[in-house]
Amino acid sequence: LVDQLESVIPFDGAHGTLSGNPPQFHPDPTPIPRYIGSPSMSSVCDELVKGSNLHFQTMVSDFKHGDSGWHLYDKKNESLGEFDWLVVTGPSLASPRWKQVFGVEPPL
C-alpha cells in the first residue's frame with residue numbers, strides 16, 4: 001500500500017527510544033523502512049478517503065460487529081449505516097474541542 005500512495009515518503013531521520021531521568025535518546029539500529037506523510041501526516045488520511053462519502057460532526061455512540069460488517073449507531077440509537085471496516089482513534093477524546101463539537105462530555 002505504501003508504494004501506491006503519493007502522500008507517503010521514506011523517513012530517513014533519527015528514530016529510537018527515550019528512557020531514563022533525564023531522558024536519553026537511544027537510536028534504534030533496526031534496518032526497516034520507515035515512512036511519513038507528506039506534506040503532513042493527515043495527507044495520508046486525506047488520500048485514503050478520497051472519493052468516500054464522509055460525515056462530520058456525527059457522534060457514534062455505539063457499534064456492533066455482525067456477519068455483514070460493522071453497524072454504527074448515533075446517540076438516539078438510530079443506525080448510521082453498515083461498514084466493512086471500523087477505525088477507532090483516541091486523540092479526539094482528549095481534545096478540549098470534543099464538548100464544543102458534540103455538546104456532551106467524551107464517552108468515557
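Atoms considered below: every heavy atom in the structure, side chains included; atoms not considered: hydrogens, waters and symmetry mates. The model shown is predicted, which means the values in this text are computed figures rather than measured ones. Along the sequence shown, residues are numbered consecutively beginning with 1.
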Take S68 and E82, measure what side-chain hydrogen bond (donor to acceptor under 3.5 Å, both in side chains) needs, and give me the verdict at the end.
CA-CA 8 Å; S68 57; E82 183 180 311; 3.0 Å; yes
Are F56 and V49 connected in the hydrophobic side-chain network, where two residues link if heavy atoms are under 4.5 Å apart?
yes
Under the side chain to side chain contact (heavy atoms under 4.5 Å, CB included) rule, what do V8 and L1 come out as? Steps first, then yes or no, please.
CA-CA 10 Å; V8 175; L1 177 63; over 6 Å; no
Do S19 and H26 have side chains that approach each other closer than 4.5 Å (heavy atoms only, starting at C-beta)?
yes
Rounded to the nearest 0.5 angstrom, the CD1-OG distance for I9 and S43 is 10.0 Å
As an exercise, state the distance from CD of E78 to OG of S61, rounded to the nearest 0.5 Å.
11.0 Å
When rounded to the nearest 0.5 angstrom, what is the spacing between OH in Y35 and CG in D3?
6.0 Å
Evaluate the criterion side chain to side chain contact (heavy atoms under 4.5 Å, CB included) for residue pair T17 and D28; output intermediate values, then yes/no.
CA-CA 7 Å; T17 59; D28 181 356; over 6 Å; no
Determine yes or no for a side-chain-to-main-chain donor-acceptor pair under 3.5 angstrom, with S79 supplying the side chain and G81 the backbone.
yes
Please confirm whether the backbone N or O of E6 pairs with a side-chain atom of E47, one donor and one acceptor, at under 3.5 Å?
yes
Applying a strict under-4.5 Å side-chain criterion to I, L, V, M, F, W and Y, I'd like to know whether L48 and V2 cluster together.
yes
Could you grab the distance from atom CH2 of W70 to atom CH2 of W85, nearest 0.5 Å is fine?
10.5 Å
Pick one: which of L72, D74, L86 meets side chain to side chain contact (heavy atoms under 4.5 Å, CB included) with V60?
L72
Measuring from F25:CZ to H15:NE2, what's the distance to the nearest 0.5 Å?
7.5 Å
Please say whether more than 12 non-hydrogen atoms of neighbouring residues, nucleotides or ligands are located less than 6.0 Å from NZ in K64.
yes
Does the side chain to side chain contact (heavy atoms under 4.5 Å, CB included) test come out yes or no for M41 and I36, once each step is laid out?
CA-CA 6 Å; M41 291 302 283; I36 58 172; 4.2 Å; yes
